[in-house]
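After the structure tokens below, expect a handful of questions from me.
Every heavy atom of this structure was used, including side-chain atoms; hydrogens, water molecules and symmetry mates were not. If you read the sequence from its start, that first residue is 1, and numbering goes on from there.
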Amino acid sequence: MAIAGAACAAQPDFTLSPEQQATIEKAAIAREAALAEARRLPAPTPPPSPAERKPAACRMTSIADVALCREKVKLQGKWVERDARYVRGAGGVGWLDFQGTYEIVAGRYRLASDARGEALRLCWERDALTCETVLGPRIDQYGGDERYVVIARRDLPDETPLFFYVKAQPDGPGKMHGPLTAGAFAREKLKLALPEFDGIIVSR
């Protein structure tokens, strides 16, 4: 992603050596194998490992303890650049691959968790390093298109369903509307042709 490349091209906060990158990858493969074994599933086939690596420039993101690194690796005889997110290890020692959520909802809106994979929120990606919170940290359903993003959640203690929507903006997070009751949201959905909920991620 061009924005990510520009962000990582700035003065890095730290650098991961090829050896550190290889150690992170081995730990991730071992973790996935152990998880499969615990679930009595076949061990997953890991993706091809790079034949060579260059030092990776890393910068800290707006998600605490999560860094974005620009890696340069040799895969199948070709050098390629890629972005990878890593999370600080226990006690602030070392780095591990980021197992949390950071995915596109629509446009520049992202579904992002904290470093532990919890506290799910909707945020607007200003650049590759900065995602500004629009709503969170609890989200149960989401959806979006080029015009609107919709969110639903059940708030404790009574688990009452609440609904929200934001008009998508290219230059800022936009204004969040809600919380709305199911009936009020249904009326807004009909009036504005709001998108359907196409994702379910329960964050408790």
Among F163, F164, F197, which one satisfies side-chain contact (heavy atoms from CB on, under 4.5 Å) with V150?
-> F197
So does R108 pair up with E125, basic N to acidic O under 4.0 Å?
-> no
T23 side chain to E19 main-chain N or O, any donor-acceptor pair under 3.5 Å?
-> yes
For Q99 and R85, run side-chain contact (heavy atoms from CB on, under 4.5 Å): C-alpha distance rounded to whole Å, both residues' side-chain angles, the deciding distance at 0.1 Å, then the answer.
-> CA-CA 9 Å; Q99 290 294 298; R85 291 178 186 269; over 6 Å; no
Salt bridge check: are E159 and R154 linked by an N-O gap of less than 4.0 Å?
-> no
Any sub-3.5 Å donor-acceptor pair from Q20's side-chain atoms to S17's backbone N or O?
-> yes
Going by heavy atoms in the side chains, are P195 and Y165 under 4.5 Å from each other?
-> no
Do the non-hydrogen side-chain atoms of W95 and L16 ever get within less than 4.5 Å of each other?
-> yes
For the pair D13 (side chain) and M60 (backbone), establish whether a donor and an acceptor sit closer than 3.5 Å, ignoring hydrogens and angles.
-> yes
Is the shortest heavy-atom distance from the side chain of Y86 to the side chain of C69 under 4.5 Å?
-> yes
Any chance you could measure K167, atom NZ, to K175, atom NZ, to the nearest 0.5 Å?
-> 12.0 Å
Do side-chain atoms of Q21 reach the backbone of K54 as a donor and acceptor pair under 3.5 angstrom?
-> yes
Compute the centroid of each ring, for Y142 and then for Y148, and state whether the two points are separated by less than 6.0 Å.
-> no
side-chain hydrogen bond (donor to acceptor under 3.5 Å, both in side chains) with R121: which of D114, T101, T133?
-> T133
Kindly compute the distance separating CD1 (I151) from CG (L135), expressed to the nearest 0.5 Å.
-> 6.5 Å
Ignoring hydrogens and geometry, is there a side-chain-to-backbone donor-acceptor pair from E103 to A112 under 3.5 Å?
-> no
CZ of R116: more than 12 outside heavy atoms within 6.0 angstrom?
-> no
Compare all side-chain heavy atoms of E132 with those of P173 and state whether any distance is below 4.5 angstrom.
-> yes
All heavy atoms of V134 vs all of M176, minimum pair found to be CG1-CE, 3.4 Å
Donor-acceptor side-chain pairing of E25 and S49 below 3.5 angstrom | yes
I104/L111 under side-chain contact (heavy atoms from CB on, under 4.5 Å): CA gap, chis, key distance, verdict = CA-CA 6 Å; I104 296 172; L111 202 63; over 6 Å; no
With a 4.5 Å heavy-atom cut-off, do V80 and L75 have their side chains touching?
-> yes
Verify whether one side chain among Q169 and Y109 offers a donor that lies under 3.5 Å from an acceptor in the other.
-> no
Between R53 and E71, is the closest basic N to carboxylate O distance under 4.0 Å?
-> no
Mind running side-chain contact (heavy atoms from CB on, under 4.5 Å) on V87 and D97 for me, showing each step along the way?
-> CA-CA 6 Å; V87 59; D97 64 316; over 6 Å; no
Answer whether the closest heavy-atom distance between the side chains of V105 and R110 falls below 4.5 Å.
-> no
